[in-house]
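One structure below.
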Amino acid sequence: MIKPSIPKGTRDFGPVIVRKRNYIFNTIRQVFELYGFQPLETPAMENLSTLTGKYGEEGDKLMFKVLDNGDIFEAAGKAANNKELVAAISEKALRYDLTIPFARYVVMNQNDLALPFKRYQMQPVWRADKPQKGRYREFYQCDADVVGSNSLVNEVELLLIYDAVFTNLGLAGVELRVNNRKILSGLAEVIGKQELLTDITISIDKLDKIGAEGVRKELSDRGLSDTDINTIEKFLTIGGTNEEKLNQLADLLQSSATGLKGIEELKFVLNSGLTAFNNEPIIDVTLARGLNYYTGMIVEVKAPATVKMGSIGGGGRYDDLTGLFGLKGISGVGISFGVDRIYDVLEELNLFPETAQQSTKVLFLNLGEANAAAAFKHLQGLRAKGIAAEIYPDASKMDKQMKYANKRGIPFVAIIGESELSENNVSIKNLATGQQEKVAADAVAHYNF
RNA sequence: GUGGUUGUAGCUCAGUUGGUUAGAGCAUCAGAUUGUGGUUCUGAGGGUCGGGGGUUCGAGACCCCUCAUCCACCCCA
């Protein structure tokens, strides 16, 4: 006998969990649709050539490659090294994220798409990472992106989507943190070390984790002078209200045109006057985000301070994403929801509504052929009214059927035994209260389950 | 890729300095109960102690290898 198991870093989602996950997916989807985003699905596999090189060296390593069919033995023999071997025996790989397939789609369909194109996509992606807490080899991403528009109105709309989704999920106290890559570029410019921009952002991004001292040390290791580090430290300690932060930034970055542009952009996004937020976005100058293709606004959503959880969503503007596939000059901006983490937060704060956890409302007990036949009429009547109802398929002992209802979490049991059959009524028992009442047969469809 | 943790029943875990037939709770099944679940009582089934090798009169325990697991780092969602 083989001991059943699933691959490392993958998960089964049982009925209870799928329901709760769907509640999150549905809430997000509903908001995406309300804001005019259109659904897109792309294949689980992409051509290896579409994906390689798009996520850096690390990404290529973490990509799941799909073995070619047929005789790979012969092809493998001709390979001289690992890289050639992979090329010889694999031409497809599992989707690594949703953004690159989206870019590929836009380029392939550029003649048919009405730009700006607003799409959302909720599908699993795969990474051959070493699994650990909150980190899996198969996980879902929920992205919404706009391509083909430089307007900052898109940034505002995407922030509103975050605001709406978390409001609809009943998750109060989330923090929408925003920054702008141009501000970080401006900082590097002011220091005169533009070539170290990536190193600077990577270090700054770790401030929460390793503290000011840690950042200092890392910056120094990456080749920055004490004067540079002092400037960066001054930058990192910028505080106060959004307006005060913007003023301090303007002061610090006055010699950088790029930096000032970033400040202008942030100002617009925050004070567009277009609308009001439930969760007002907060400027966080230390926000950097790892991906270095971002070029404008960047955003990250932090879970309420009461739960120990990092980011539950993030995104930003990137220029020229489709340039990789030969379509230049198309700018995009997008956001992403971390569904697994949102799930954990809702679970911890007990925020899943009852309706997200219930399936069948009524179970009709099966007490023999004639009784079951009577039950069937009620079943169809209830289903027509949108009430989930089912009958226990076997005429088992009553107590077994009751136990089944209990275990399934079905709130009501309907009993049609000999006496009910002759009296033309149904006994309906509420399993939560233990109370039971007889309801006339023709009134069952109107019963308040 | 680096460092560490833990592998014993379906699940969560006990198991003393190495010593007879490896235990508990939960879960499962049956009965108490031929029309009433969630509470209670009685009983039953269920384990090659992750796998392989070694030390020993004797290994679940000690040693080596290996596999799996979870956690941290790197990186990321």
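Convention: sequence-line order gives letters A, B, ...; per-chain numbering from 1.
- Nucleotides B/U16 and B/A77 are separated by 46 Å at their C1' atoms, to the nearest Å.
- Only at 4.0 angstrom or more do the heavy atoms of residues 330-347 of chain A sit from any atom of RNA chain B, so none qualifies.
- At a threshold of 4.0 Å, the pair A/Lys92-A/Glu46 does not count as salt-bridged, since none of the basic side-chain nitrogens sits closer than that to a carboxylate oxygen.
- Salt-bridge annotation for A/Glu33 and A/Arg29: absent, with no side-chain N of the basic residue lying under 4.0 Å from a carboxylate O of the acidic one.
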Name each donor-acceptor pair under 3.5 Å that joins a side chain in residues 333-340 of chain A to protein atoms two or more places apart or in another chain, with its distance.
from, atom 1, to, atom 2, distance (Å)
A/Ser336, OG, A/Asp143, OD1, 2.9
A/Asp340, OD1, A/Arg11, NH1, 2.8
A/Asp340, OD1, A/Arg11, NH2, 3.3
A/Asp340, OD1, A/Arg21, NH1, 2.9

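- Comparing the C1' positions of B/C74 and B/G18 gives an interatomic distance of 42 Å, to the nearest angstrom.
- If you check every strand for non-hydrogen atoms under 4.0 Å, A/Gln435 touches nothing.
- Phosphate contact (OP1/OP2 of B/C75, side-chain N/O of A/Lys206, threshold under 4.0 Å): present.
- The residue A/Lys397 sits close only to the backbone: its heavy atoms come under 4.0 Å of sugar-phosphate atoms, none of a base.
- Proximity of A/Gln132 to the phosphate of B/A72: a side-chain N or O atom is located under 4.0 Å from OP1 or OP2.
- The distance from the CG atom of A/Leu184 to the CD1 atom of A/Ile200 is 9.0 Å, given to the nearest 0.5 Å.
- Phosphate contact (OP1/OP2 of B/U28, side-chain N/O of A/Lys407, threshold under 4.0 Å): present.
- Here A/Gln436 lies in heavy-atom contact (under 4.0 Å) with a base.
- Comparing A/Leu431 and A/Leu62 along RNA chain B, the residue whose closest nucleotide (by nearest heavy atom) sits nearer the 5' end is A/Leu431.
- Residue A/Tyr136 is in base contact, counting any heavy-atom pair closer than 4.0 Å across all strands shown.
- Projected onto RNA chain B by closest heavy-atom contact, A/Lys130 and A/Glu218 fall at different nucleotides, the more 5' of which corresponds to A/Lys130.
- Spacing of P atoms, B/G51 relative to B/C67, comes out at 15 Å, to the nearest Å.
- The residue A/Gly314 sits apart from the nucleic acid: no heavy atom pair falls under 4.0 Å.
- Taken to the nearest 0.5 Å, the NZ atom of A/Lys20 stands 3.5 Å off from the CD atom of A/Glu347.
- For the residue pair A/Arg408 / A/Tyr404, a side-chain donor-acceptor distance below 3.5 Å is found, with atom types taken as modelled.
- With a cut-off of 3.5 Å on both Watson-Crick or G-U wobble distances, the partner of B/C62 is given as B/G54.
- Test A/Arg135, A/Lys8, A/Arg137 against A/Asp129 for salt bridge (Lys or Arg N to Asp or Glu O under 4.0 Å) and you get one pass: A/Arg135.
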